[in-house]
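Input: a single structure, listed below in structure tokens.
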Amino acid sequence: MEYDHRRIEARWQAYWRENNVFRTASRPGRKYYALEMFAYPSGDLHLGHCKNYVIGDIYARFKRRTGHDVLHPFGWDAFGLPAENRAIKMGIHPEISTTENINLSRESLQRLGISYDWEREIITCMPDYYCWTQWMFLLLFKRNLAYKKEAYVNWCPSCQTVLANEQVIDDHCYRCDTAVVKRKLNQWFFKITEYADRLSSDLDTLPGWPDNIKTIQKNWIGRSQGCNVIFKVAGRELSFDVFTTRPDTIYGVTFMSIAPEHAMIEELISGYPGADSVRAYVRDSTKRTAVERAEKEKDGVFTGSYAVNPVNGEKIPIYVADYVLFEYGSGVVMGVPAHDQRDFQFARKYGIPIRIVIQPTGQTLAPASMTQAYEDHGVMVNSGPFNGMDSIRGIAAVIEHIAANAGGGPAVNYRIRDWLISRQRFWGAPIPIIYCDQCGMQPVPEKDLPVMLPRDIKDFVPKGKSPLAGVDSFINAVCPSCGAPAQRDPDTMDTFVCSSWYFLRYLDPRNESCFCGKDKSDQWLPIDMYIGGTSEHATGHLIYFRFFTKVLYDAGLIAVNEPAQNLFNLGMLMKDGEKMSSSRGNLVPVRQFIDDHGADVARITIVTAAPPERESEWTQEGVIGSERLLSRIYRLITEHREKIVKVKPAVESAEDEKLMIKINQTIHKVGADLDAFKFNTAIAALWELLNELYTAPVKSEVFGYGLFVLVDLLSPFAPHLADELHAIAGADGNLTNIPWPGSDPKYLRGRTITIVIQVNGKVRSRLEIDGSFTEKQVVDRALKDDKISRYVQKGKIQKTVYVPEKLLNIVI
RNA sequence: GCGAGGAUGGCGGAAUUGGCAGACGCGCUGGAUUUAGGAUCCAGUCCCGUAAGGGAUGAGGGUUCAAAUCCCUCUCCUCGCACCA
């Protein structure tokens, strides 16, 4: 008979709720902040989402039982494109659909038995939350980290809004997969580049983060060290900075390239007969997407102007070329065809001279015979005073020379761009800025927060500018400075702004005077374990929340410089080889599954399939195995309920001892595996104990104790069934805060141990020996063994290798 | 192109980090029980071989008493960045 999961799960969920079992305790020195990434309420949850919460819950429950006061909260990332696009599709107001989705999803999580402290729940679209999101904006504004500028930005024609760099994947929108276009618009940015250096180097202070995430972040930030060189334009009062990582090649510059978006182009071409062809080229290339530009042949057009190489005074032609990125460095690069492959292709196309200034050792390059650029190091030639110098040393020498003689000097550039945070969308936190004809741009005073998102809006479908622009009651305001009529900023913030600080709000969720009291953040920060599908957030959220933490730290508002000490990177839950999603039609609804099979079965199935960090597959076979495990446990415990022994019994026979060892080994293994997130092997250990108990020849007190331990160890994984069986055993039932069992070192291994005997590295026999045997005793015993002596007779023993308690290898 | 990770039975996956390869589960085979079972229980299950024994961790080589694990070459897969000067 299978157990009645519906009755058991309902019973214990009610018990937990009524007794407020998961309310956060806070004794000094015991804090543990376990956090799972919060959810977008874009529908009810499916099992794909739940892997995160199940893994986090198992860990949080284990931590509670090992003496920690666990803060385990949950909330909803309710603003933003995911929720809004969904609402538009269903033709209802995002507030209504979001609320419905939250209510559905919250119930699903409760029915899964996730041990959240719901008193701390946060919802980012509620005024008591976004008030502080706006406050964060003002903090960044005051600290000169929020600014507005006209820029070529990514525009999604379908979502009708601009997007951050991090939200564009291969030129496509991260939400709707529409090809993005570049548009020149006036937008709000957060100056994350100012923190680029710390965001990159502080990764080295995070040993608890997976290396792959740190590598991805380092690459994304893309720090490169080099030199700024000032090039003057011949015959004009113009000059530009050029960034290079290879100043050692500066004598090889034979042309300059400038990005088509560059504002200086008009000046460069004034008076040039070919000016119109330059303008045509600019028009043409700014229409192309980044990918199109990258894939086409490198080309460009001469501007009619020349630059002067500061190290040798040479005049070199300036081209407009769309392989130059406007957003990186100064948008102007020096062309060194001999030593840069892109410049080489460009020079070959236009017959620009190729001048070798670095010769590899052992061969001599000649411009005419080169088929590609030589990008490695070597000896500097054609480089005036630097001739004969090793080019690696030349980098520093040339930088020094330039700094002393030509203006410019050492410089660092980053690949990461400032974070574009304004969105032309309705469903977000309004940007707390007012524009006054007299006083200009004014921040909304803190006392006036929140700037409320209007509710009575008729049309929130995006049409290219913020729907809020058409809501007079919202837009019209008074200038905080002079009191004259003024206008609010109509844009809302990127939802990733909301999620950049949410982990702080859980610590003090109902504080009305502060985003989080300093005493609370001192008490709980940093996050001890942050769990989520981190790959998709590696270059977005996981950088943004580190950025916010550093800003708040610099402002003296929190005491930590990094938000999360440990990061656990979860693998996705798949079905039929694909990611679970409604568009693929392969999702498993949570409630349906729980009704049919139970929450505990769902939890066990999720963790049995594979180690948590690995991608795993949801299968019917997995469900069968989990169901079998739980009903076998249920059957065994209920059949022998009167034999259950709650305290460690005396060991009275050899069989007792063998079972006692298995019990203690299992306690040890399950605890160690829980600690190391190896939940799949922890379940395997439970199976082993269960199998041993099933076939135990004697149903002694030790057997009864084994039953009790089995229930105890099951509790983080299948908390409902464990509590039920604990109660059946005559104990409390609720295991949430009962101390985790310790293993008895006396019974972690037996008095005799099995040693593998190898001859020439091949296993030939096994010996049961006393644990106290010396190497010599083991060798003597081995040589008496029939199987071994047969081999040893054939040759002379050269040597023996003995690994204590494990193995003996006889080399003959 | 650059960077990171991976490849182990029919399947999901174990292997204390150089020490018994295949734990545990699924599936499969046989038996028991049952009116019946897609339920339950017991036993078996990498390959070749009756056996003794031999062979196996993507392919090939190397180091070692000993290699899934370390080194070299290659093949294939997944992910990240992708004209960053």
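Convention: sequence-line order gives letters A, B, ...; per-chain numbering from 1.
- Across all strands shown, A/Val803 has heavy atoms under 4.0 Å from base atoms, whether or not it also approaches the sugar-phosphate.
- In textbook terms, a nucleotide whose glycosidic angle is within 90° of 0 is syn, and B/rU17 is one such case.
- Base pairing of B/rG1: its partner is B/rC81, meeting the Watson-Crick or G-U wobble criterion (both donor-acceptor distances under 3.5 Å).
- With hydrogens and angles disregarded, no donor-acceptor distance shorter than 3.5 Å links the side chain of A/Glu613 to the backbone of A/Asn569.
- Across all strands shown, A/Asp340 has no heavy atoms under 4.0 Å from either base or sugar-phosphate atoms.
- Nucleotides B/rC24 and B/rU45, compared at atom P, are 11 Å apart to the nearest Å.
- If you measure from atom CZ of A/Arg342 to atom C1' of B/rG1, you get 12 Å, rounded to the nearest angstrom.
- Base engagement by A/Leu807 is indicated by at least one non-hydrogen atom pair under 4.0 Å involving a base atom.
- Nucleic acid contact class of A/Gln758 (heavy atoms, under 4.0 Å, all strands): base.
- When both distances must be under 3.5 Å, the Watson-Crick or G-U wobble mate of B/rU57 does not exist.
- Between B/rG80 and B/rU29, the distance separating the two P atoms is 42 Å to the nearest Å.
- The gap from the C1' atom of B/rC28 to that of B/rC74 amounts to 37 Å, rounded to the nearest Å.
- Of all nucleotides present, only B/rG6 satisfies the Watson-Crick or G-U wobble test against B/rC76, with each distance under 3.5 Å.
- To the nearest angstrom, P of B/rG80 lies 16 Å from CG of A/Asn165.
- Atoms CG (A/Asp376) and C1' (B/rG1) sit 14 Å apart, rounded to a whole Å.
- In the set B/rA85, B/rG27, B/rG19, B/rA85 carries the atom at the smallest distance from any side-chain atom of A/Thr244.
- As the counterpart of B/rC24, B/rG12 is assigned, both hydrogen-bonding distances of the Watson-Crick or G-U wobble pattern falling under 3.5 Å.
- With rounding to whole Å, A/Asn569 atom CG is found 14 Å from B/rC79 atom P.
- Nucleotide B/rA67 forms a pair with no other nucleotide shown, judged by Watson-Crick or G-U wobble geometry with both contacts under 3.5 Å.
- The base of B/rC81 has none of its N or O atoms less than 3.5 Å from a complementary donor or acceptor on the side chain of A/Asn219.
- For B/rG9, the base is syn relative to its sugar; the glycosidic angle is within 90° of 0.
- For the pair A/Lys699 and A/Phe703, the cation sits on the ring face: its NZ or CZ lies under 6.0 Å from the ring centre, inside 45° of the axis.
- At the heavy-atom level, A/Val336 lies nowhere under 4.0 Å from the strands shown.
- Side-chain proximity of A/Tyr694 to the nucleotides B/rC42, B/rU16, B/rA23 is greatest for B/rC42.
- With hydrogens and angles disregarded, a donor-acceptor distance shorter than 3.5 Å links the side chain of A/Thr254 to the backbone of A/Pro353.
- Two residues are said to be in side-chain contact when any heavy atoms from C-beta on lie closer than 4.5 Å; A/Arg546 and A/Tyr195 fail this criterion.
- Comparing the P positions of B/rA52 and B/rA43 gives an interatomic distance of 23 Å, to the nearest angstrom.
- The separation of B/rG25 from B/rC72, taken at their C1' atoms, amounts to 38 Å, rounded to a whole angstrom.
- The shortest side-chain heavy-atom distance between A/Ile354 and A/Arg348 falls under the 4.5 Å cut-off.
- No option in A/Trp209, A/Phe677, A/Phe679 other than A/Phe677 meets the ring-ring contact (aromatic ring centres under 6.0 Å, His included) test with A/Phe568.
- Within the nucleic acid shown, A/Ser224 comes within 4.0 Å of sugar-phosphate atoms alone, with no base atom in reach, counting heavy atoms only.
- Distances shorter than 4.0 Å separate none of the side-chain N or O atoms of A/Arg766 from OP1 or OP2 on B/rG19.
- Going from the C1' atom of B/rA36 to that of B/rG27 covers 23 Å, rounded to whole Å.
- Residue-level contact check: A/Ala294 touches the bases, meaning some heavy atom is under 4.0 Å from a base atom.
- B/rG55 and B/rA39 are spaced 41 Å apart, taking the C1' atom of each and rounding to whole Å.
- Looking at the side chain of A/Asn809, the nearest of the listed nucleotides B/rC65, B/rA39, B/rA15 is B/rC65.
- Using Watson-Crick or G-U wobble geometry with both donor-acceptor distances under 3.5 Å, B/rC41 finds its partner in B/rG31.
- For the C1' atom pair drawn from B/rA15 and B/rA23, the interatomic distance equals 8 Å after rounding to whole Å.
- Close to B/rA85, at under 4.0 Å from its OP1 or OP2, lies no side-chain N or O of A/Tyr323.
- A close approach under 4.0 Å does occur between a side-chain nitrogen or oxygen of A/Arg628 and OP1 or OP2 of B/rC26.
- Taking atom CD of residue A/Gln341 and atom P of nucleotide B/rC84, one finds them 11 Å apart after rounding to whole Å.
- The residue A/Asn680 sits close only to the backbone: its heavy atoms come under 4.0 Å of sugar-phosphate atoms, none of a base.
- No contact: A/Arg223 has no heavy atom under 4.0 Å from any strand.
- Within the 4.0 angstrom heavy-atom criterion, no nucleotide atom of any strand lies near A/Ser616.
- When each of A/Thr754 and A/Ile683 is assigned the nucleotide of RNA chain B with its nearest heavy atom, A/Thr754 is the one assigned upstream, toward the 5' end.
- Closest to the side chain of A/Arg417, from the set B/rC20, B/rC84, B/rA23, is B/rC84.
- Across all strands shown, A/Asn691 has heavy atoms under 4.0 Å from sugar-phosphate atoms exclusively, and none from any base.
- Between B/rA21, B/rA14, B/rC24, one nucleotide has an atom nearer to the side chain of A/Val763 than all others, and that is B/rA21.
- Of the candidates B/rG3, B/rC41, B/rU16, B/rG3 carries the atom nearest the A/Thr215 side chain, counting heavy atoms from C-beta on.
- The side chain of A/Lys799 places an N or O atom within less than 4.0 Å of a non-bridging phosphate oxygen (OP1 or OP2) of B/rC65.
- Using modelled atom types and a 3.5 Å distance limit, the side chains of A/Asp418 and A/Thr193 yield a donor-acceptor pair.
- Across all strands shown, B/rG49 remains unpaired; no Watson-Crick or G-U wobble contact has both distances below 3.5 Å.
- Phosphate proximity of B/rG54 to A/Arg764: present, with a side-chain N or O under 4.0 Å from OP1 or OP2.
- In this structure, A/Val801 reaches the bases: a heavy-atom distance under 4.0 Å links it to at least one base atom across the strands shown.
- A/Arg342 places no side-chain N or O within 3.5 Å of a backbone atom of A/Lys298 that could act as its donor or acceptor partner.
- Base pairing of B/rU17 is not made with any nucleotide, judged by Watson-Crick or G-U wobble geometry with both donor-acceptor distances under 3.5 Å.
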Let me see the working for A/Ser224 and A/Asn413 under side chain to side chain donor-acceptor pair (under 3.5 Å), right down to the final yes or no. CA-CA 5 Å; A/Ser224 36; A/Asn413 257 291; over 6 Å; no
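- The side chain of A/Trp220 sits closest to B/rC81 out of B/rG54, B/rG80, B/rC81.
- Contact annotation for A/Arg632: backbone-only contact, meaning every heavy-atom pair under 4.0 Å involves sugar-phosphate atoms and none involves a base.
- Heavy atoms of A/Lys762 sit under 4.0 angstrom from primed sugar atoms or phosphate atoms, though from no base atom.
- The cationic group of A/Arg781 does not satisfy the cation-pi geometry with A/Phe773, failing either the under 6.0 Å distance to the six-membered ring centre or the 45° limit from the ring axis.
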